[in-house]
Amino acid sequence: MNEILTSKKESIITSVKETFNDVGKVTLFAARFFTEVLKPPYEMKEFIKQCYVIGYKSLPLVTITGFIMGLVLTLQSRPTLAEFGAESWLPSMVALSLIREIAPVITALICAGKVSSGIGAELGSMKVTEQIDAMEVSAINPFKYLVVTRILATTLMIPLLVIYADGIGIMGGYVGININSDVNFYRYTSQVIESITFLDIFPALIKTFFFGFFIGMIGCYKGFNAANGTESVGKAANSAVVTASLSIFIIDMLAVQITDLFF
Amino acid sequence: MQEKPTTDTTPISKSEAPVIEIKDLYKSFGKNEVLKGVTFSVKKGENLVVLGKSGSGKSIAIKCLVGLVSADKGIINVFGTDITKLNNNELNEIRIRIGFLFQNAALYDSMSVRENLGFTLKRHAKDLSAEDLENRIIDVLESVGLGEAIDKMPSELSGGMRKRIGLARTLILKPEIILYDEPTTGLDTITSREISELMMEIQKKNKTSSIIITHDMPCAKRTSDRIIILKDGVIHIEGTYEELEKSEDEWVRSFFI
Ligand SMILES: Nc1ncnc2c1ncn2[C@@H]1O[C@H](COP(=O)(O)OP(=O)(O)OP(=O)(O)O)[C@@H](O)[C@H]1O
Ligand SMILES: [Mg+2]
């Protein structure tokens with residue numbers, strides 16, 4: 001009995017140690033990004049390609065989820081608001097929840113699933129098949145070419161996707177309202193615009209840059225550090241999604257606290 | 001591109017000076033001691049074949065040579081400079097002069113053959129015009145006999161073609177040393193003979209020095225000036241193909257059957 005306990009204790013200790021070890025390594029990885037991002041040569045072409053792959057190719061997915069978010073949010077909130085006779089607040093409420101919280105988080109989670117795992121798998125398989133080593137021995141900095149471009153692309157594209165999802169979500173809200181009542185589009189949008197202030201948009205936008213950065217960084221980290229063997233490609237992709245999603249929630253929580261503190 | 005380091009100042013005549021000199025190289029992964037004091041050298045223009053059982057550390061040894069894997073201990077002189085003491089930029093200047101053919105070719109999957117070949121060249125010869133770049137790609141592809149594959153993706157190539165494109169990709173930078181990691185493994189005898197002959201041709205034309213890791217004895221016979229065999233983390237024996245073939249040591253002879 002005692003033995004089992006000690007072995008349990010030891011395994012917990014090692015897993016805690018490993019977690020800290022990982023956090024340290026990720027931090028170093030991120031630090032390397034910041035030291036290399038400003039140094040020439042710049043891989044513009046690869047950066048633009050990644051923006052296309054990460055941004056443009058995610059549009060269909062973000063469109064569908066964004067629209068459904070707005071629609072469902074409206075339909076779900078309506079009865080509660082109706083109970084208080086506050087149905088006229090519906091457009092503002094939907095827009096605010098979308099912009100402040102739901103669109104950033106859901107879009108980021110979708111992108112963690114699509115983009116982070118994609119990057120993890122791509123770089124992981126490049127690592128396993130020695131393509132990253134091949135760049136290294138031909139005196140090309142693979143970190144610069146592969147990692148810096150991808151992290152920059154996600155950091156830039158995720159906020160854009162979130163803004164797009166905000167818009168689509170608000171459209172979804174309009175459709176949702178019109179299922180039960182008849183609201184004119186002009187009145188709906190003007191009500192939405194009136195209710196949104198700079199303080200709703202700004203903190204939410206800032207946090208999406210962090211979402212983007214972490215989605216790219218974790219995908220790259222997992223792929224770049226994949227172990228040998230093909231099964232590690234799947235592992236890299238998988239743990240990229242898990243870690244990126246988790247970090248999105250943590251960033252979101254911190255963002256709320258910080259916003260409360262300052263605004 | 002850059003000045004040659006100090007090999008020329010050594011008293012030995014230039015053709016005799018080793019371009020690669022490895023002394024007492026140690027490398028272990030955790031408890032797995034892979035290299036335990038490996039010492040060998042390669043002279044200019046020489047083809048050194050490295051034999052050894054699977055897992056004996058052949059690939060690791062040449063990866064140490066280009067700084068892909070950092071050695072635990074030992075001296076690795078390439079062109080007269082100890083690469084273990086270089087920073088990354090200095091190391092890269094040496095790396096440009098070395099071609100490395102990976103065991104599985106390691107072609108960039110997301111790029112066409114043209115982009116695979118142009119990728120490094122574009123970044124190291126920035127003053128090259130688009131036309132010259134294209135010409136050099138075509139030239140080097142023709143020298144490996146695959147001119148028509150220029151627009152293919154790596155996934156459309158057979159194993160032998162991948163090896164050749166990998167070879168073309170290392171040749172395009174005109175390296176002075178080429179490290180071949182099993183250039184013929186997994187190929188039929190005819191293709192593997194073609195590749196060995198290609199290697200010899202390249203060596204004659206460009207006067208490169210090479211290290212060739214192989215399990216393919218006909219290839220070793222055709223290409224080797226000298227052979228070393230790795231065993232238990234050290235160089236077990238060294239000699240020409242003919243010498244080793246007649247060795248007293250049964251274990252050594254077993255490679256030649
Ligand atoms: N990244 C690594 N981490 C841990 N151990 C490794 C690593 N790379 C290689 N090894 C170990 O080093 C030893 C030598 O590997 P190496 O790839 O050099 O063998 P090899 O002689 O090239 O074999 P083969 O002929 O099969 O290619 C093996 O036992 C392997 O398990
Ligand atoms: Mg090997």
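Below, chain A is the first sequence line, B the second, and so on; all start at residue 1.
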Contact listing (chain B partner; residues 30-48 of chain A; heavy atom under 4.5 Å):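 The stretch touches chain B at A:Glu43, A:Lys45.
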
Would you please go through residues 137-146 of chain A and name the residues with a non-hydrogen atom below 4.5 Å from one of chain B, in numerical order? A:Val137, A:Ser138, A:Ala139, A:Ile140, A:Tyr145

Please state whether the side chain, the backbone, both or neither of B:Leu91 comes within less than 4.5 Å of a heavy atom of chain A. neither

Heavy-atom proximity to chain A below 4.5 Å, by part of B:Phe100: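 Looking at B:Phe100, just its side chain touches chain A.
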
Is there a side chain to side chain contact (heavy atoms under 4.5 Å, CB included) between B:Lys63 and A:Glu130 once you walk through the steps? CA-CA 11 Å; B:Lys63 281 180 184 169; A:Glu130 298 180 309; 2.8 Å; yes

Assess whether atom CZ of A:Phe210 is packed by more than 12 heavy atoms of other residues, nucleotides or ligands within 6.0 Å.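 Result for CZ/A:Phe210: open.
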
Flag yes if more than 12 heavy atoms outside A:Lys114 fall under 6.0 Å of its NZ atom; otherwise flag no.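 Correct, the count exceeds 12.
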
Indicate the atoms forming the closest heavy-atom contact of A:Gln131 with B:Ala106, along with that distance.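 Heavy atoms only, the tightest pair is CG-O, 3.9 Å.
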
Report all side-chain donor-acceptor pairs from residues 225-238 of chain A shorter than 3.5 Å, counting only partners two or more places apart or in another chain.
{"from": "A:Asn225", "atom 1": "ND2", "to": "A:Tyr221", "atom 2": "O", "distance (Å)": "3.1"}
{"from": "A:Ser232", "atom 1": "OG", "to": "A:Ala227", "atom 2": "O", "distance (Å)": "2.7"}
{"from": "A:Ser232", "atom 1": "OG", "to": "A:Gly229", "atom 2": "O", "distance (Å)": "2.5"}

Most contacts with chain A, counted as non-hydrogen pairs under 4.5 angstrom, among B:Asn89, B:Leu179, B:Leu107: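 Most heavy-atom pairs under 4.5 Å with chain A: B:Leu107.
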
Do you know which of B:Asn104, B:Val66, B:Leu68 has the most heavy-atom pairs with chain A at a distance under 4.5 angstrom? B:Leu68

Please list all pairs meeting ring pair (Phe, Tyr, Trp, His ring centres under 6.0 Å) that have one or both residues in residues 101-121 of chain A, counting only residues at least two apart or in different chains. none

